[in-house]
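Start at 1 with the first residue, then count along the sequence.
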Amino acid sequence: TAKLMLIRGSRVQLGFSVFCCSYLGKVATMPSELAVKRGSSCPPPPERGKLRLYSMRFCPWAQRTRLFLAAKGIEHETINIKLNEKPKWLFEKNPIGKVPVLEKDGEIVYESLLCNEYLDYTYPDNRLTPSDPVEKMRQSLVLSVFEAMIAGPFYGYAMATEDNYTALSKKLGFGLQHLEKALTQPFFGGNQPGALDYNIWPWFERIFMIQNRYKELSAERIPRLTAWMERMLEQSAVKACYLSPKLHAQFSKGLMAGNADYDAGLQERWSSL
């Protein structure tokens with residue numbers, strides 16, 4: 001059974017760290033802690049040899065790195081951030097004030113794709129990035145189309161009205177069809193999920209947020225991607241990092257109203273422990 005260790009705090013504190021470890025070949029669930037905000041003290045550096053992730057539970061870019069950590073079974077601690085009330089010390093970690101950020105032994109890495117590349121090279125066991133340079137280039141090209149056609153404009157799709165969605169749907173449809181053609185095996189990484197699978201999954205976890213999407217996302221239009229999504233939902237790393245559509249919708253509704261609940265769902269989780 002997977003083990004979890006809570007350190008440097010308790011349930012009632014605003015900030016504490018959670019280790020995610022690989023135990024008996026299984027990936028530990030990663031319950032995320034309450035987010036810290038403006039006015040909080042800068043946490044001391046992680047202990048020597050320890051890895052720390054600065055994250056936000058509902059951020060798809062941060063989820064990319066959380067998925068890598070879970071898939072590779074890397075022991076780490078997490079500090080979540082309220083991105084609408086960023087503490088000043090966050091800008092000391094990342095000058096643009098975004099997550100994810102990784103910190104270990106005085107070294108700091110930010111930007112999700114760079115964080116994941118760092119993890120694959122620093123922790124070479126269970127490598128997710130292709131070792132073959134041609135395959136790595138192919139996956140990078142697929143990812144670049146995904147970034148331009150799906151990830152970048154995603155929240156534009158999600159907030160589009162029925163009137164202006166028609167024009168946007170062409171871009172979404174093009175991006176999905178490109179992925180459909182590129183998916184020639186059970187996963188983009190082959191028979192098992194790899195870097196590309198985990199780097200694009202967070203947006204598919206949130207795909208329900210796009211209204212009027214049924215034509216572009218119908219199983220008839222994208223049968224390979226539909227089967228891929230079902231397979232991804234069965235992966236241990238995805239399960240460890242997964243948040244329900246209800247929680248995503250709750251957070252998004254609050255975000256658009258200007259009162260986002262960065263700790264949505266945590267009270268229910270803690271009360272069940």
Side-chain angles (χ1 to χ4, degrees), residues 1-11 13-36 42-81 89-90 93-94 98-129 131 189 192-195 197-199 201-202 232 234-243 263 265-266 269-270 272-273:
T1 304
K3 285 186 177 180
L4 290 171
M5 297 193 303
L6 302 184
I7 65 169
R8 290 178 49 224
S10 63
R11 296 182 185 180
Q13 288 182 307
L14 282 179
F16 51 83
S17 300
V18 174
F19 274 121
C20 172
C21 57
S22 179
Y23 184 73
L24 295 180
K26 296 184 179 180
V27 177
T29 304
M30 295 193 298
S32 299
E33 62 287 336
L34 302 178
V36 298
C42 181
E47 296 178 14
R48 183 165 183 79
K50 298 295 185 181
L51 178 68
R52 176 182 293 165
L53 169 69
Y54 299 91
S55 183
M56 194 276 273
R57 295 170 60 232
F58 296 95
C59 173
W61 287 274
Q63 189 179 358
R64 279 177 163 173
T65 299
R66 291 171 55 221
L67 285 164
F68 257 61
L69 288 162
K72 293 174 71 66
I74 298 173
E75 193 176 88
H76 67 285
E77 59 183 41
T78 299
I79 294 179
N80 277 321
I81 309 292
W89 54 259
L90 177 62
K93 313 290 184 182
N94 179 353
K98 293 182 178 181
V99 295
V101 177
L102 292 172
E103 182 176 12
K104 181 183 179 182
D105 295 337
E107 298 292 336
I108 292 178
V109 183
Y110 47 87
E111 297 296 330
S112 60
L113 296 178
L114 293 178
C115 286
N116 290 357
E117 188 172 350
Y118 165 83
L119 291 174
D120 240 0
Y121 282 100
T122 308
Y123 301 87
D125 291 346
N126 190 21
R127 186 176 173 86
L128 299 172
T129 305
S131 56
Q192 297 295 327
D197 298 276
Y198 291 124
N199 281 329
W201 171 255
M232 285 296 289
E234 295 302 314
Q235 302 306 306
S236 297
V238 171
K239 290 180 179 180
C241 302
Y242 181 81
L243 290 176
D263 301 322
L266 288 180
R269 182 176 294 202
W270 287 123
S272 67
L273 294 179

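In this structure, I108 and N94 have side chains that are not in contact, with every pair of non-hydrogen atoms separated by 4.5 Å or more. Between P43 and I79, the closest side-chain pair of non-hydrogen atoms falls below 4.5 Å. Side chains of N80 and L34 form no contact here, defined as non-hydrogen atoms less than 4.5 Å apart. With a 4.5 Å cut-off on side-chain heavy atoms, R57 and L266 count as touching. You'll find the side chain of R48 reaches within 4.5 Å of the side chain of D105, heavy atoms only. In this structure the side chain of P100 never reaches within 4.5 angstrom of the side chain of Y110, judged on heavy atoms.
In plain terms, the two heavy atoms of G189 and D197 that are nearest each other are N-OD2, 2.9 Å. Residues A237 and A71 share a closest heavy-atom pair of CB-N, 3.6 Å. Taking each heavy atom of Y198 and L67 in turn, the nearest pair found is O-CD1, 3.4 Å. Scanning both residues, D263 and A35, for their nearest heavy atoms gives OD1-N, 2.9 Å.
For the pairing with K72, the side-chain hydrogen bond (donor to acceptor under 3.5 Å, both in side chains) check across N126, D125, D120 returns one residue only, D120.
Atom CD of E117 sits about 10.0 Å away from atom OG1 of T122, to the nearest 0.5 Å. Going from atom CH2 of W201 over to atom CD of Q63 covers 9.0 Å, rounded to the nearest 0.5 Å. Rounding to the nearest 0.5 angstrom, the gap separating the CG atom in L69 from the OG1 atom in T78 is 7.5 Å. To the nearest 0.5 angstrom, K104 atom NZ is 14.0 Å from L53 atom CG. Going from atom OH of Y123 over to atom CZ of F68 covers 14.0 Å, rounded to the nearest 0.5 Å. Rounded to the nearest 0.5 Å, atoms NZ (K93) and CZ (R52) are 6.5 Å apart.
Note on K98 versus E111: no salt bridge recorded, every NZ/NE/NH1/NH2 to OD/OE distance being 4.0 Å or above. Ion pairing between K50 and E77 fails under the 4.0 Å rule for side-chain N and carboxylate O.
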Kindly determine whether W61 and V99 satisfy side-chain contact (heavy atoms from CB on, under 4.5 Å), including the steps that lead there.
-> CA-CA 7 Å; W61 287 274; V99 295; over 6 Å; no
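In this structure, the side chain of N116 does not engage the main chain of L113 through any donor-acceptor pair within 3.5 Å. Side chain of R64 to main chain of N199: a donor-acceptor pair is present (N/O by atom type, distance under 3.5 Å, no hydrogens or angles).
For the pair R127 and Y121, the cation-pi criterion (under 6.0 Å, within 45° of the ring axis) is fulfilled.
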